[in-house]
Number of protein chains: 2
Amino acid sequence: MDELNVGLLLFIPYRAMEARVFAALADEGFDDFTPAQARVMQRIGPEGTRMTELAEAAQVTKQTASFLVDQLERSGYVTRTPDPSDARARLVRIADRGRAAQPVAAAAVAEVESEWRAHLGVRDWERLRGALSSLREITDPYR
Amino acid sequence: MDELNVGLLLFIPYRAMEARVFAALADEGFDDFTPAQARVMQRIGPEGTRMTELAEAAQVTKQTASFLVDQLERSGYVTRTPDPSDARARLVRIADRGRAAQPVAAAAVAEVESEWRAHLGVRDWERLRGALSSLREITDPYR
DNA sequence: TCAAGTTAGTTCGAGATGCTGACCATCGTC
DNA sequence: GACGATGGTCAGCATCTCGAACTAACTTGA
């Protein structure tokens, strides 16, 4: 059955990647860390990012983003700091534990990517990355 | 920022596809239908599929699959019939309402795919499909 | 300059999702 | 026919997500 729709074809490897990365994180002691939290955390910029921006980027409501950031903050992955330019807003920043988790996650991603690259061949792998990046232009509402 | 990891690059268009398809279904009156249900329902074969197989294919526990099939059955999308070859097992089959929903979903998928094809160009689009199908060989635990 | 509308973020309550554990019925095997 | 394996369900709990309603701070216009 190769007539699976592209939605499912995208979802299957996504799911596989997620499982591998979270297994690796759990192995290294980052066992209190969920996919939902990761989807928000991945969108935090180096200078910190506002709740509202985070919510838009992750495509969840402000409430959900707030809830997930609560958890991330309690676990020490991020901190909330006041935004100097707007007293209503707060900048979410990566905290020490978050910075410690990043290389673990990055290593797991790199491992999976290299397996995929080996399976597809370098040329097709680069094309896949290129096509997905291009698709992002019309499917990522955030940018 | 094009250094997004491939997991996120897969997830973003997946999410976009999902949103479009569910909006189309809701427009046509299939408003009681959730992504989780769809992930199970997509794996039902033409001759019906067992709960256990469904659970494996959708990568959820038997319990979760059972729960989702309950809902699908209550909404009239599927039926459970006895498996003639094993009295313990039950075959989940697409029911009338499920069959009615399929063309609506298929049309929405086709529309999104044609937009993506137009954005990428036919050649790259076919390569993307091919790469994703190939990736499925090593990332779909079911098959 | 200050009232009115907008924007950033939170709290609350509820439904959806998905897990583990415990269980029953049936199958296959020895 | 007894016993372990398999197909499936029920119960209980944690997580994810949303809509509604709210507070505080910003912006705009007369």
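Below, read A as the first sequence line, B as the second, and so on, with proteins coming before strands; counting in each chain starts at 1.
- Side-chain N/O atoms of A:Ser66 include none lying less than 4.0 angstrom from OP1 or OP2 on C:dG9.
- A close approach under 4.0 Å does occur between a side-chain nitrogen or oxygen of B:Thr61 and OP1 or OP2 of C:dC19.
- Residues B:Met41 and B:Val21 share a single hydrophobic cluster, defined by chaining ILVMFWY side chains whose heavy atoms lie under 4.5 Å apart.
- Contact check on B:Glu53 versus B:Arg43 returns no salt bridge, with no Lys/Arg side-chain nitrogen under 4.0 Å from an Asp/Glu carboxylate oxygen.
- Note: A:Thr139 OG1 to B:Glu115 CD = 11.0 Å, rounded to the nearest 0.5 Å.
- Protein atom CZ of A:Phe67 is 8 Å distant from nucleotide atom P of D:dT15, rounded to whole Å.
- Separating the CG atom in B:Leu9 from the CG atom in A:Leu135 is a distance of 9.5 Å, to the nearest 0.5 Å.
- A donor-acceptor contact closer than 3.5 angstrom links the side chains of B:Arg93 and B:Thr81.
- Summarising the geometry, atom CG belonging to A:Leu72 is positioned 6.5 Å from atom CD1 belonging to A:Ile44; distances are rounded to the nearest 0.5 Å.
- A:Val69 and A:Leu91 are not part of a single hydrophobic cluster, where members link through side-chain heavy atoms under 4.5 Å apart.
- For DNA chain C, the neighbouring residues in residues 68-96 of chain A, judged by any heavy atom under 4.0 Å, are A:Arg80, A:Arg88, A:Ala89, A:Arg90.
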For nucleotides 21-23 of chain C, print each protein N/O atom paired with a nucleotide N/O atom at under 3.5 Å, atom names and distance only.
unit_1	atom_1	unit_2	atom_2	d
C:dG21	O6	B:Gln63	NE2	2.6

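- Remark: A:Arg99 CZ is packed, more than 12 non-hydrogen atoms of other residues, nucleotides or ligands lying under 6.0 Å away.
- Screening residues 7-17 of chain B for side chain to side chain donor-acceptor pair (under 3.5 Å), with sequence neighbours left out, gives B:Tyr14-B:Glu18, B:Tyr14-B:Arg39.
- DNA chain C lies under 4.0 Å from at least one heavy atom of each of the following residues of residues 30-57 of chain A: A:Arg50, A:Met51, A:Thr52.
- Residue pairs meeting the ring-ring contact (aromatic ring centres under 6.0 Å, His included) criterion with at least one member in residues 75-115 of chain A, sequence neighbours excluded, are A:Phe33-A:Tyr77.
- Exactly one of B:Arg74, B:Arg97, B:Gln71 qualifies for a side-chain hydrogen bond (donor to acceptor under 3.5 Å, both in side chains) with B:Asp32. That residue is B:Arg97.
- Side-chain contact of B:Asn5 with A:Gln42: a donor-acceptor pair under 3.5 Å is present, judged by distance alone.
- Contacts of residues 10-23 of chain B with DNA chain C (heavy atom under 4.0 Å): none.
- Results of the side chain to side chain contact (heavy atoms under 4.5 Å, CB included) test with A:Val40 over A:Thr64, A:Val78, A:Val92, A:Leu68 single out A:Leu68 as the only residue that passes.
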